[in-house]
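Report on one structure; see the data block that follows.
Below, chains carry the letters A, B, ... as their sequence lines are ordered, and counting in each starts from 1. The model shown is predicted, which means the values in this text are computed figures rather than measured ones. Side chains are part of it too, since the values below use all heavy atoms of this structure and drop only hydrogens, waters and symmetry mates.
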Amino acid sequence: MSRADAENVEPRNRRHRVSLIGVAGELLLTAGVLVLLFIGWQNVFNSWVLNGQQNGAAAQLGKQWLDESASPSGGGSSSGGGSAAQTSVGPAANIPVEKSAPANQQPIAVMYVPRFGTDWKRTVREGTGLDVLNSSTAGVGHYASTAMPGAVGNFAVAAHDTGYGSTFLHMQNLRLGDKIYVQTKDGFYTYAFRNYQYVQPNEVAVLDPVPREQSAQASDRILTMTTCNPPYHTVERLISYAVLESFSKTPPAAIASVVG
Amino acid sequence: MYAALWRMLPGPWWVRLLIVLVLLAAVLFVLFEWVFPWVDGIVDQNQQGTVGT
């Protein structure tokens, strides 16, 4: 029997031989594909899914608060004229501020930042643990030690820049004067973006009532947003400061179509 | 390894292809739903976005 005949009789035996190096190669290729899949899942798929969920949860909460604030007035025409007026910020401004400290994970506000996207909104929950930052119903966390929305001092929040909804991915797009709207069950606080700071991750002084001026007496009503810098890395922190401009019971015109 | 898997599958080539695609979908689902979130919790201990940790 010639060699060719042997192959014709048992062609499968030859093909069935599995070489160690072949299996090792396939395992390595598989591992590479898995790593790429993981990166894709983390930065594209999961981020996209959570962005939708977090946006939806914020829309629901914003609408709920709006409905609740509208219902006691019964129709709204009686109090509508008065409550629509904006309260501008002064030393003795009568701006409502939540007094009681919220429990961890409790929703305290809904943020709207048109610069991040016309439809962009997020629920702000108490605490900055991953239980809040990675949550499908939050995305933004409030530093528990800092002031509440509208208060004199520093209302400080944190969010991921990439992954888990990529909440503050476009933070570096903010321009001087850009509006940041913070809705609570009391109404809408309008902050205006003032400046950035790039700091080390341990720079907790940015959370001070007067950021990075520990002994100073607070007089401004500040919103501080912290996220990672540069995008996709965690070596530094990008800090954005905004100052309260006004308060209104009803949605400001710029986000009226987005709320609810 | 994968060639051996292909040979183990029954039926003509298009049935095998169908089975492989279903298996791939199942593997992807398990990875996306359970494995990747679990791995992410292990590798990403940095509280990215917050200061002071």
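- Remark: L21(B) CG is packed, more than 12 non-hydrogen atoms of other residues, nucleotides or ligands lying under 6.0 Å away.
- Contact annotation: the side chain of V51(B) approaches that of I239(A) to within less than 4.5 Å [non-hydrogen atoms, C-beta and beyond].
- For L207(A), the part lying under 4.5 angstrom from a heavy atom of chain B is the side chain only.
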Practice item. Show your reasoning for whether side-chain contact (heavy atoms from CB on, under 4.5 Å) applies to N46(A) and F32(B). Key: CA-CA 8 Å; N46(A) 192 44; F32(B) 273 42; over 6 Å; no
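- More than 12 non-hydrogen atoms from other residues, nucleotides or ligands lie less than 6.0 angstrom from CH2 of W6(B).
- In this structure, chain B has a heavy atom under 4.5 Å from the backbone of E203(A), while its side chain stays farther away.
- The candidate with the highest count of non-hydrogen atom pairs below 4.5 Å against chain B, out of V206(A), L37(A), V23(A), is L37(A).
- The distance from the CZ atom of F36(B) to the CG atom of L34(A) is 6.0 Å, given to the nearest 0.5 Å.
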Point to revise | Candidate pair W41(A) and L31(B), rule side-chain contact (heavy atoms from CB on, under 4.5 Å), full reasoning | key: CA-CA 9 Å; W41(A) 170 85; L31(B) 286 174; over 6 Å; no
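- Residues F38(A) and D40(B) form a side-chain contact, since some pair of their non-hydrogen atoms from C-beta on lies under 4.5 Å apart.
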Point to revise | Residue pair L133(A), T50(B): steps toward the side-chain contact (heavy atoms from CB on, under 4.5 Å) verdict | key: CA-CA 10 Å; L133(A) 299 192; T50(B) 63; 3.8 Å; yes
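- Residue E33(B) places its CD atom among more than 12 non-hydrogen atoms of other residues, nucleotides or ligands, all under 6.0 Å distant.
- Only the side chain of Y143(A) comes within contact range of chain B, judged by heavy atoms closer than 4.5 Å.
- With a 4.5 Å cut-off on non-hydrogen atoms, L238(A) does not touch chain B at all.
- Within a 6.0 Å radius of CD1 in I21(A), other residues, nucleotides and ligands contribute 12 heavy atoms or fewer.
- The number of heavy atoms from other shown groups lying within 6.0 Å of CD (Q60(A)) does not exceed 12.
- One N or O on the side chain of T226(A) and one on the backbone of G49(B) form a donor-acceptor pair closer than 3.5 Å.
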